[in-house]
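Beneath this line is the structure, given in structure tokens, with notes to follow.
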Amino acid sequence: MNRAVPSERAAVTSDAGGKRSKTSGSVTPCHVAIIMDGNGRWAKSRGMPRVAGHHSGAKAVRRCVEAAIDQGVEWLTLFAFSSENWRRPEGEVMELTSLLKQYLRSEVAELAKQGVCFRVIGDRARFSPELRAEFDRAERETAGNRRLNLTVALSYGGRDEIVKAARAMAHAVQAGTLDAEAVDEQAFGKFLWTAAMPDPDLLIRTSGERRLSNFLLWQCAYAELIFMDVLWPDFDATHLAAALADFARRDRRYGASVG
Ligand code: FPP
């Protein structure tokens with residue numbers, strides 16, 4: 001049975017690591033993070049180009065956002081482009097960035113209507129000024145919405161995030177605005193791209209791969225991990241519901257003993 005987190009963790013994770021439903025008594029994770037994997041294999045199995053898999057993947061993003069709202073998730077974080085994905089063939093990188101632009105242009109009004117607050121985490125400096133302006137616009141136009149916090153990780157790498165946070169913290173100590181003795185887990189977390197976010201309670205990876213691939217390394221310290229065989233373009237509300245049901249059966253102890 002999924003238990004409430006100890007109070008010192010609750011402050012930095014979420015309301016007791018999830019929300020207990022009044023009707024069923026089950027626990028819904030407050031923050032679900034997803035490594036959306038398998039677009040290429042989905043396309044290949046249909047004799048289609050990889051980009052077709054990414055387009056279907058974008059449709060699955062829409063379905064997943066709606067399902068997360070319906071199923072009571074408050075924070076949803078999607079890994080859409082890793083810092084390593086820049087090494088993919090130029091054509092695929094261009095297709096992915098233009099798909100992102102398309103998604104933002106066509107979807108932001110709908111996201112705002114659904115009560116979604118949109119954020120980007122990652123090294124946004126690596127994107128074109130035009131795309132960065134779309135990130136800013138999407139964040140501005142959805143700021144303050146409370147139904148679902150949707151974060152998309154773009155040009156994101158967990159180690160990159162930690163190194164950049166350590167560097168910024170070293171600068172703060174050097175400048176005298178931070179006391180080195182005051183550096184603890186909470187203080188460090190404030191320098192991460194995720195400073196304003198609770199830690200994920202549940203991390204899902206699709207496509208059958210069982211790796212973290214440099215995603216939210218610091219933040220997933222106590223996340224429950226669920227690996228699903230479904231390829232991302234086929235992911236729908238039933239897959240999210242199955243993952244939430246699995247989460248509700250987990251016993252989260254945060255290092256405490258059983259019993
Ligand atoms: C991993 O599959 C997926 C990606 C690298 C891109 C994810 C992008 C989307 C889901 C669509 C656009 C996103 C948004 C937010 C609109 P892969 O290409 O590595 O697949 P493979 O492992 O089967 O080759």
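No hydrogens, no waters, no symmetry mates; every other heavy atom, side chains included, goes into these values. All ligand and atom numbering here is 1-based and tracks the order in the structure.
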Less than 4.0 Å between a side-chain N and a carboxylate O, is that true for [Y] and [X]?
X    : Y    : result
E224 : R250 : yes
E130 : R105 : yes
R124 : D136 : yes
E66  : R63  : no

Subject >> W232 neighbourhood, listing ligand 1 atoms whose heavy-atom distance to it stays under 4.0 Å >> reply: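 This gives 10 (C) as the contact atoms.
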
**OP:** With heavy atoms of A58 as the reference, note each atom of ligand 1 found under 4.0 Å away.
**Re:**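 Checking each atom against A58, I get 11 (C).
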
Subject >> Interatomic spacing from CD in E107 to CZ in R62 - rounded to 0.5 Å >> reply: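 Spacing of CD (E107) from CZ (R62) equals 4.0 Å.
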
Which protein heavy atom lies closest to [atom], and at what distance to 0.1 Å?
atom                    : value
atom 20 (O) of ligand 1 : G40 N, 3.0 Å
atom 9 (C) of ligand 1  : N39 ND2, 3.6 Å
atom 11 (C) of ligand 1 : H54 O, 3.6 Å
atom 19 (O) of ligand 1 : R88 NH2, 2.8 Å
atom 12 (C) of ligand 1 : L99 CD2, 4.0 Å
atom 6 (C) of ligand 1  : A80 O, 3.3 Å
atom 3 (C) of ligand 1  : M36 O, 3.3 Å

Subject >> Crowding at CZ, R159 (>12 non-hydrogen neighbours, <6.0 Å) >> reply: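 Incorrect, the count does not exceed 12.
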
**OP:** Measure from atom 14 (C) of ligand 1 to every heavy atom in I34, L100, I35, N85 and give the option owning the shortest one.
**Re:**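 Nearest heavy atom to atom 14 (C) of ligand 1 lies in L100.
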
Subject >> Heavy-atom proximity to atom 22 (O) of ligand 1, best of Q102, R41, E92 >> reply: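 When every heavy atom of Q102, R41, E92 is considered, R41 comes closest to atom 22 (O) of ligand 1.
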
Subject >> N214 side chain vs G157 backbone, donor-acceptor pair below 3.5 Å >> reply: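 Absent.
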
Original post:
Any non-hydrogen atom of K44 lying under 4.0 Å from ligand 1?
Top reply: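 The answer is no, since K44 has no heavy atom less than 4.0 Å from ligand 1.
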
Subject >> Shortest non-hydrogen contact between L212 and I35, atoms and distance >> reply: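 Minimum heavy-atom separation between L212 and I35: O-CD1, 3.4 Å.
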
Would [X] count as being in polar contact with ligand 1, using the rule that some N or O on each side must be under 3.5 angstrom apart?
X    : answer
Y103 : no
W42  : no
D37  : yes

Subject >> Summary of side-chain hydrogen bond (donor to acceptor under 3.5 Å, both in side chains) pairs that have at least one residue in residues 167-182, sequence neighbours excluded >> reply: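 For residues 167-182, and leaving out neighbouring residues, there are no side-chain hydrogen bond (donor to acceptor under 3.5 Å, both in side chains) pairs at all.
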
**OP:** Can you sort out the partners of W42 under ring pair (Phe, Tyr, Trp, His ring centres under 6.0 Å), two or more places apart, ordered by chain and number?
**Re:**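 In terms of ring pair (Phe, Tyr, Trp, His ring centres under 6.0 Å), with neighbours along the sequence ignored, W42 is linked to no residue.
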
